[in-house]
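In this text the structure is predicted, and so the values were computed from the model without any measurement. For this chain, numbers begin at 1 and follow the sequence in order. When a ligand or atom number is given, it counts from 1 through the structure's own listing order.
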Amino acid sequence: MSEKYEELRKSIISDRKNGYDRISSEDLAAMEPYCKDYLGFISECKIEREAVEWTIKEAEKHGFKPLVPGMKLVPGDKVYGNGHNKNVIFAIVGMESLDNGAHICAAHIDSPRLDLKPNPLMEDSELAFFKTHYYGGIKKYQWTTTPLAIHGVVSKKDGTTVTVTIGEDDNDPIFCVTDLLVHLSADQMKKPMAEGVTGENLKVLLGSRPLTDDEGKDRVKFHVMKLLNEKYGLVEDDFLSAELTMVPAGRAREVGLDRSLLAAYGHDDRVCAYAAFRPLLEISTPRKTAVCVLADKEEIGSVGISGMQSQYFEMFMGDLCDATGASLRRCFEKSFCLSADVSNAFDPLYAETCDRSNNTHINYGTGIFKYTGARGKSGSSDAAAEVMGYVRRLFADNDVIWQTGELGKVDQGGGGTVACFMANRNIETVDAGVPVLSMHAPMELVSKLDTYMTYKGMKVFYEN
Ligand code: MN
Ligand code: MN
């Protein structure tokens with residue numbers, strides 16, 4: 001570099017460095033315990049209901065109470081709303097009136113998986129199976145020959161609800177979808193990857209042992225149902241009113257000789273959900289009211305009663321405004337939302353799918369995205385320059401390591417988040433979140449540094 005231009009070059013040309021070259025020793029020390037806590041959360045919360053229950057329990061330990069209509073709230077009060085056990089909103093009332101807006105972090109707690117069909121149980125060739133219908137976007141072949149656990153609830157005829165979890169305890173059995181041996185795969189291997197394993201073939205093997213002292217038909221299926229009956233009191237018709245799902249079994253782990261990465265099922269989007277939730281247990285009364293939304297159904301379009309499009313958010317925020325004497329419409333107009341969702345980390349194995357300089361990279365910090373979407377930004381909320389400017393200043397002033405990017409090359413594909421549904425409500429919104437490798441696979445990877453910096457970013461956003 002010529003000496004003449006050294007100073008000028010430094011001041012006007014961007015020089016992006018790896019997060020490890022920039023992180024402070026305090027942050028480096030705080031990163032490890034945070035990631036350890038996160039591994040506990042992600043290992044225990046694999047479906048939305050579990051995340052709702054877990055976060056409410058933690059919040060109650062820290063003084064949060066259910067928000068009920070007619071309540072009067074003052075700065076520092078901590079409340080939550082449980083949306084049908086599948087989405088949840090937490091708030092800490094700030095010093096300023098809600099007429100000046102809230103600082104909202106919105107993440108989702110559902111992840112792609114194999115849901116059981118309404119009539120799931122079947123026997124074929126003296127093997128018992130659950131039929132499934134996958135939820136969200138998956139590459140079907142990835143879900144064969146991987147250990148699976150069953151999670152969910154069954155609403156029984158007598159009105160009681162039973163929680164079912166099998167496959168997580170070391171003494172539990174696990175389940176799996178078989179795949180064809182390579183020796184006989186001559187035809188299968190010629191198919192496009194999207195067709196090599198079909199949705200109907202994602203049948204989960206449940207058992208193989210018939211009831212030998214029984215002379216009826218389908219003795220393996222009967223045996224499996226008998227075991228479910230003994231353990232949970234279930235009968236086959238109970239599947240009609242159940243939400244049971246197959247998710248990857250086992251706990252989240254550290255990855256790499258340097259232990260710099262984390263492997264888990266469902267980092268998308270519980271890595272951001274935890275980052276959005278955790279600061280509320282730590283911050284004191286903020287200037288603006290801090291709101292954390294953990295929504296369901298993002299993976300299928302944020303629909304339904306528990307998705308981000310649901311009026312449940314209006315109801316909670318309306319009650320919050322009533323409780324503090326503010327107007328909901330004014331509140332939305334002045335609010336700011338970080339739509340906290342994961343992005344794709346640049347993967348050198350598939351470099352051709354991304355624009356290297358417009359993609360997030362592992363260990364370059366939390367990602368901030370002006371827009372998402374596909375084919376000309378469709379489905380994006382496209383944050384304004386001033387909105388990006390605000391986040392940029394906030395993060396620079398508080399030593400949050402961050403980066404920007406977009407989801408792959410133009411016209412390569414794309415994806416959306418809850419951002420557009422917040423923006424539709426007249427709330428300034430920008431996408432922010434952790435870069436992920438192997439997104440939507442049964443095992444996803446994130447880096448500790450990006451995970452921690454996303455939490456730090458959400459925390460300073462609530463605090464400022
Ligand atoms: Mn997501
Ligand atoms: Mn997703």
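Only protein atoms were considered; those of element N, O or S under 2.8 Å from the Mn ion (ligand 1) number 4.
In this model, a donor atom of one side chain and an acceptor atom of the other lie less than 3.5 Å apart for His440 and Asp268.
Aromatic rings from Phe64 and Tyr80 are positioned such that their centres are separated by 6.0 Å or more. Aromatic rings from Phe336 and Tyr390 are positioned such that their centres are separated by under 6.0 Å.
By the side-chain contact (heavy atoms from CB on, under 4.5 Å) test, Glu200 is found to be paired with Lys117, Thr198, Lys203, residues two or more places apart in sequence or in another chain being considered.
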Review item, side-chain donor-acceptor pairs of residues 239-249, under 3.5 Å, at least two apart:
{"from": "Ser241", "atom 1": "OG", "to": "Ser155", "atom 2": "O", "distance (Å)": "2.5"}
{"from": "Glu243", "atom 1": "OE1", "to": "Arg49", "atom 2": "NE", "distance (Å)": "3.3"}
{"from": "Glu243", "atom 1": "OE1", "to": "Arg49", "atom 2": "NH2", "distance (Å)": "3.4"}
{"from": "Glu243", "atom 1": "OE1", "to": "Lys86", "atom 2": "NZ", "distance (Å)": "3.1"}
{"from": "Glu243", "atom 1": "OE2", "to": "Arg49", "atom 2": "NH2", "distance (Å)": "3.1"}
{"from": "Glu243", "atom 1": "OE2", "to": "Lys86", "atom 2": "NZ", "distance (Å)": "3.1"}
{"from": "Thr245", "atom 1": "OG1", "to": "Arg113", "atom 2": "NE", "distance (Å)": "3.4"}
{"from": "Thr245", "atom 1": "OG1", "to": "Leu114", "atom 2": "O", "distance (Å)": "3.2"}
{"from": "Thr245", "atom 1": "OG1", "to": "Asp115", "atom 2": "OD1", "distance (Å)": "2.7"}

Donor-acceptor pairs under 3.5 angstrom involving side-chain atoms of residues 446-453: please list them, not counting sequence neighbours.
{"from": "Ser447", "atom 1": "OG", "to": "Asn363", "atom 2": "OD1", "distance (Å)": "2.8"}
{"from": "Ser447", "atom 1": "OG", "to": "Leu449", "atom 2": "N", "distance (Å)": "3.4"}
{"from": "Ser447", "atom 1": "OG", "to": "Asp450", "atom 2": "N", "distance (Å)": "3.0"}
{"from": "Ser447", "atom 1": "OG", "to": "Asp450", "atom 2": "OD2", "distance (Å)": "3.0"}
{"from": "Lys448", "atom 1": "NZ", "to": "Glu32", "atom 2": "OE1", "distance (Å)": "2.8"}
{"from": "Lys448", "atom 1": "NZ", "to": "Glu254", "atom 2": "OE2", "distance (Å)": "2.7"}
{"from": "Lys448", "atom 1": "NZ", "to": "Arg259", "atom 2": "O", "distance (Å)": "2.8"}
{"from": "Asp450", "atom 1": "OD1", "to": "Asn363", "atom 2": "N", "distance (Å)": "3.2"}
{"from": "Asp450", "atom 1": "OD1", "to": "Tyr364", "atom 2": "N", "distance (Å)": "3.3"}
{"from": "Asp450", "atom 1": "OD1", "to": "Gly365", "atom 2": "N", "distance (Å)": "2.8"}
{"from": "Asp450", "atom 1": "OD2", "to": "Asn363", "atom 2": "N", "distance (Å)": "2.9"}
{"from": "Thr451", "atom 1": "OG1", "to": "Ser447", "atom 2": "O", "distance (Å)": "2.8"}
{"from": "Tyr452", "atom 1": "OH", "to": "Asp27", "atom 2": "OD1", "distance (Å)": "2.8"}

